[in-house]
Each structure stands twice: as C-alpha cells, then as structure tokens.
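In what follows, a structure is listed as structure tokens, so that the remarks can point back to it.
So that the names make sense, note that chain A is the first sequence line, chain B the second, and so on, each numbered from 1.
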There are 2 protein chains.
Amino acid sequence: MSKDSRPPTLKDVAAHCGVSVISASRAMSDAPNVSKALREKVERSARIIGYRRNRIAGSLRGQATDLITVIVPSMSNHVFPNIVDGIDDALQGSQLRLVLGMTKYDDANEEAILRDMLTWNPAGIILSGLEHSDTTKELLSHFAGPIVEVMDTDGDAIDMAVGNSMSEAGELIARHLVAKGYGRIAYVGAWGERPKRSAKRRVAFETELARLNNPLVTSVILEGESSLELGATGIKQLLDRDLNIDAVFFANDDLALGALFYCQANGIHVPEDIALAGFNGIEMCQSITPRLTTIATPRYQIGRLAGELLQKKVSRAEMPDKKTFQLDLELIEGSTT
Amino acid sequence: MSKDSRPPTLKDVAAHCGVSVISASRAMSDAPNVSKALREKVERSARIIGYRRNRIAGSLRGQATDLITVIVPSMSNHVFPNIVDGIDDALQGSQLRLVLGMTKYDDANEEAILRDMLTWNPAGIILSGLEHSDTTKELLSHFAGPIVEVMDTDGDAIDMAVGNSMSEAGELIARHLVAKGYGRIAYVGAWGERPKRSAKRRVAFETELARLNNPLVTSVILEGESSLELGATGIKQLLDRDLNIDAVFFANDDLALGALFYCQANGIHVPEDIALAGFNGIEMCQSITPRLTTIATPRYQIGRLAGELLQKKVSRAEMPDKKTFQLDLELIEGSTT
DNA sequence: AAGAAAATTGACAACGTTACCAATGAAGAT
DNA sequence: ATCTTCATTGGTAACGTTGTCAATTTTCTT
C-alpha cells in the first residue's frame, strides 16, 4: 500500500508520450538541441506519471555525483554548525547536497570517512584544517574534484583554503593584552590541543609576547573537550599555581566563558583581579555582562565562501586564481580585559 | 598527475587474480558460499591494485543506498547540532552516512530537499517534528525504508517518532510556576511560532495555567529567529505593557537568556522582580549565575536513539513494536524562578 | 566406489541513465 | 531546384555492480 510497484523510469515517460528514451532524457536535463515542443511534451508526461530522475543511474554513467562531502570534527563545537550553515546557504539553488562526516578529532576517523565517501564520487570535498594524515593526503591526491580546506590559512592548501590566520589571531591577542598593560600573562588550552589550529594560535601568541618583552608566564593544557566546565577547571588550576597572573588567553570562548562564570561565582573581579580573553566570538559572549574580549572569526562567511568556491568550480565557472582566502579577524574589546 | 586514468573496477581485480567478476564481487562483499582461498586471493589483488568498491553501481542494481537523509530546520539553533551528533554516533560502525538538508523552517524547502534526496534511494530518513505539508507526507508515503521523526511525540508518527511530549513540557512549567506562587504569568515566543512544536508547548502551558485557576495574562510573539537579542526585545516589550507580570515562560533558552541578560543590565532583579523560565536546557544556562530555570530535553539521546532505530531497521534487526519513543523531560530548577 | 548432496564458481542479464554517433527533417545558400 | 548546413531525434552501447540460475567441483553417504 505504501510502496508502489516500481517508480516510473525514463522509459515509462518516453512510452507515455511516444518519444525515444534518449529524447526524454535530454528533455528532462537541460540539454541543448531540444525543441520546445518535445520538452513540453516530455515534461507533461513526466508530471502525469510522477516520474522522478534517478541520480544513481545518471552518476554511474557520467562521473561525479552532486554530493559534497563535508568532514568536520564534531557538531558540539559551536564553530562547525555555523560553517555548515554557511556552506548550505551557498549551495542553495545548486543541486549540490551536503554529506556530513564527523571525525571526533581523530585522524583515523577522517581517513575512514574520506575513504568511504570517495566511493560515492562526490562533486567536491570540504574538510577542516590544513593538517591531515599522510593517508588522507594520499586519498585526496587521487580526487579529481575541488577540495576546500576551511578554518586555517597558515600553510599550503591542497586545492583551496578558506579561513583565518591562526598566527594573526595569536598575535592580535598578545598585542592587545600587552597594550592594555598586563604583565603576567598565561594561556589555557584543552584537549591535547586538538585541533592543531589551537596550537598554532598559542605558538604565535607566545612568540609575539616574547617579542614584546613580556613572555608568557605559564600555560595550562587541560584534558578533555572544551566546555564551560573545563574553563572553570582551567582558571582554578591556574590560580592555584599562585603565579600572580593578571591576564589569560583561552583557546576558545567556551573555556573563557567558563572561567568568567567561575570568577563571578567566586568573587574574583574581572578584569581588575584577572583579565580574560577568548577566541571565536560565539554569540553568547557578546550578550553577557561583562562582554568577553575575544577574536571573532567569520565562521558563517567561511562556510559560505567555501561553498561558493566549490560550487563555482563544480560548474566550471571562472575561478579566481588565488588558492588561499584569508578572511578578516575582528578583535572584540569587551570588558574582561 | 593527480588524477589516475580510471579507478580500478571489479573487472580489474578479477583479471588480476584470474577469477570471474562475480566471484570477485562476492568475495568483496560478505556473501556466503565463498571459499576462504578465493576471498583471500581477491582481497589481496584488490589491495594491490588499489580497488575501491563503487557504491553507486551497487546501489543501482540493488535497491537502497547507505545514505541516511537527515532534514533539520537549521544548524544555528543549538538543538539540532546535538541531534546530529547523536545520530552520527549511533551510526558509527555501520556503513550508513548522514546526508544533511536544512529547511530554514520552510515547508517548501523541506519538500524540495526530500524530493531531491529520494532520488538517491536513501536507506532511511530522519526529519524533525510530526507536522509536515501534504506534499511531504505524500512523498514519504512512497518511501519504503524507515522514517524517524524526531523532537516531538504529541501526534501520530508516520513510521517511528523519538522525542519529548511538548504538552508535558508546557504543563510542567505551568505547574512549577504556579507552585512557586507566581500569579501573573506571561509567555514570549518567536518566529511566528515556527516550528509548530513551540505552539504546542504554549497551548499546553496556557491550558494548564487555566486549569490551575491562574490564566495566562498575556503573550508576546516576536518576529524573527530566536536569539539572545530577540529575548531582550521580548522582555522589554512585555514590561512596556505594564501588566505587572511576575513570571515569564519563554519558547526557548535563547530567548530566556537574552531576557535574563537584559534584566541584569537594567537593574531588574530576577526572580524577585520577575521570574524567567526557558526550554531546552542548553549547556550555557547551567553555567551562568543565576542558573536558568528550564526544561532540559535529551537532544543527544533523541538523535542517538533515532540513529539506532534506523540502523536496526535497515539491518533488519528485531524491532520493538513501539512506534513512538517518548523520552523524559527534566525540570531544572534554577535560581530564576 | 558410486551416487547424492552440498559447496563453490561462473555466465548472463539487468538496474536507469547518458555519451556517442547516425539518421532524419528543416532551413538556408547558390 | 539542388546542394549544403544546421537543428532535432533516435539507436546502440556502456557505466560497475549484483541477482538468478546453471555448471562445476568437493564432500558426504552408503
């Protein structure tokens, strides 16, 4: 009752309006050299018998499918849903569809997902970061379609890269804290510094502090995935070290906010007793009081541009000859520094 | 250089080890009636020449693909990334892959995505809510595989439903507010009450309040997608009406938090001047001070269970005969009521 | 050791579409 | 009016895999 015998095929459409299968095929796609009369006839028949194109068959004969493989670490990080949103918006109107894989920050997963997805002959691939395992690189090197690496632009793109400079981020915050007069600065990160992007920020941060004759006093790298809770743990551990820290740069806003809430709950004044800065510029940090100092990354825009580039390349539109698209970071001066 | 002439096919594998194509096929899949010797021979050849199975061709001959269509409104709502995370975790180990479509809360988009995705013969479909347009229902009625509707359990599932009772949520909050002694209660929603789930909560909330002889005083339905900012707008509009409201139930935590921040910034004491309650239990509302009163929904669990059910049904495992899986809601009593 | 049953392997066709080339018809050039 | 050119349509084959059934080999039975 719920399932029809068989969905109608092009053959059925062709039979219904008395043309050849191939003509029906041409009429249904946007092929040139099809008379208006034929196209209308075929389209009418298709509508009547409820024909729906079978992409699987088409893709078998042709080459690529219209699937876009998107590989991100996880959706629980606020950053990636925004990227996915941007990609999806860019793909509106095209036939391209998002196929999502999540690595949980594990290279082996990235490989497995990629290997699996390649069997679908995707039209393009989006993955996060510029750092990949050798196997992943090897797999990608055999892929003929466009590849966009998002988030990070400090390094060489396989095909294209859209994102921000992690070094720039680290330097921006370093200069900001020093300019504000903080002298004993610390860093708090998490999750064994996965993804490697956070380490890039930290290194640049440290280097810039040193250059400004204000070297990093200490850093705390926590176990586990970043969360508000972990941020509280981080600031606590840091304060316990009794190093007279007056400013902290956190690997991301989640940690920073967690620390902020911890301070508020424990009578530690921000920024008088200690200044806090994060990274990402998630919505939340703009709305709370005090507003968190952070660096806003244009996540939606990154996704959007990645999607647009992919779509352009898939449809063979003219491409800019840039490979790397470095978007602007914005230092948001809140009241926590 | 980057692209090989043609990826090797089963034919190449078969030729390489001197067996028939069909034997190679059987050896590569987990078919029975294949000798160990043959399987090993074929697998070795496959490895040597770098064969990778072409799912497209397989799916053409067979029936369904191993793609799971997931249709959600958007990723910018905190709720859906959690669900997607849960689904993905449940699908780990199976061959199933997530294909994501976003409707932007628009029925026409839902239809278009579904129509498109059906041409891929997905193994299963997950979509959000129980309310769908007639066209969507019609499309789904022709789909032979499992369908899971997530989020909402107040109504009839097409195939299976996993979520919470929206009515229960509305009632829980109503009873909580009344029990706490609030007498002039209001409601704030957004986005023309899309998705319809929020309207279900509101109606149950209103009904329960009436039953408790404490009818809803007023409600504000805002334009635009829920956000912290919109929550601030909402509470402001409400206070401007000068109705002496002492408690507000918001359609979700985003609105409630926005309102809370607005109150904090404007010297309005929560809950003394006005009590605030939200819905969803996003991570943030547990960490801030004061903690937000809200109803926590098990979003990850919903996704996880949906994924598990789908996977079971796809692999023809034994299924529970329940159609609707209503998970528990948890009233989190914070300090805002 | 001969016959029956089971296990293993192979040949062929088919899934629905589109690329390629051939055939037809119409319009334009001389 | 004849020849050429272009637009439109059709026929055939192919994409890579697997279901069905037939052929072969192995194992088991007596």
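- Residues passing the side-chain contact (heavy atoms from CB on, under 4.5 Å) test with B/Arg53, sequence neighbours excluded: B/Ser29, B/Tyr51.
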Below 3.5 Å between N/O atoms, which protein atoms pair up with nucleotides 7-12 of chain C? Just atom names and distances, please.
{"residue": "C/dT9", "atom": "OP1", "partner": "B/Ser35", "partner atom": "OG", "Å": "2.9"}
{"residue": "C/dT9", "atom": "OP2", "partner": "B/Ser35", "partner atom": "N", "Å": "3.0"}
{"residue": "C/dT9", "atom": "OP2", "partner": "B/Ser35", "partner atom": "OG", "Å": "3.1"}
{"residue": "C/dG10", "atom": "OP2", "partner": "B/Ser20", "partner atom": "N", "Å": "3.2"}
{"residue": "C/dG10", "atom": "OP2", "partner": "B/Ser20", "partner atom": "OG", "Å": "3.1"}
{"residue": "C/dG10", "atom": "OP2", "partner": "B/Ser23", "partner atom": "OG", "Å": "2.5"}
{"residue": "C/dG10", "atom": "N7", "partner": "B/Arg26", "partner atom": "NH2", "Å": "2.6"}
{"residue": "C/dG10", "atom": "O6", "partner": "B/Arg26", "partner atom": "NH1", "Å": "3.3"}
{"residue": "C/dG10", "atom": "O6", "partner": "B/Arg26", "partner atom": "NH2", "Å": "3.4"}

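- If you take CG on A/Asp88 and CD1 on A/Ile68, they are separated by 11.5 Å, rounding to the nearest 0.5 Å.
- Put simply, the residue from B/Thr65, B/Leu67, B/Asp66 that forms a side chain to side chain contact (heavy atoms under 4.5 Å, CB included) with B/Arg55 is B/Asp66.
- Minimum atom distance to the side chain of B/Ser25 is reached by D/dT18, of the listed D/dT18, C/dG16, D/dT17.
- Distance, B/Arg55 CZ to D/dT17 P: 11 Å, rounded to whole Å.
- Rounded to a whole Å, the CH2 atom of A/Trp120 is 13 Å from the P atom of D/dT17.
- Rounded to an integer number of Å, the gap from CG of A/Asp12 to P of C/dG16 is 9 Å.
- Among residues two or more places apart in sequence or in another chain, the side chain to side chain donor-acceptor pair (under 3.5 Å) test is passed with A/Gln311 by none.
- Rounded to an integer number of Å, the gap from CG of A/Leu10 to C1' of C/dC15 is 13 Å.
- Following rounding to the nearest Å, A/Leu60 (CG) and C/dT18 (P) show an atom-to-atom distance of 11 Å.
- Between A/Ile71 and A/Leu114 there is a side-chain heavy-atom pair separated by less than 4.5 Å.
- Distance CG (B/Asn121) to C1' (D/dT17): 15 Å, rounded to an integer number of Å.
- The salt bridge (Lys or Arg N to Asp or Glu O under 4.0 Å) test with B/Asp159 singles out one residue from B/Lys323, B/Lys137, B/Lys313, and that residue is B/Lys313.
- One can place CG of B/Asn54 at 12 Å from P of D/dC15, the figure rounded to the nearest angstrom.
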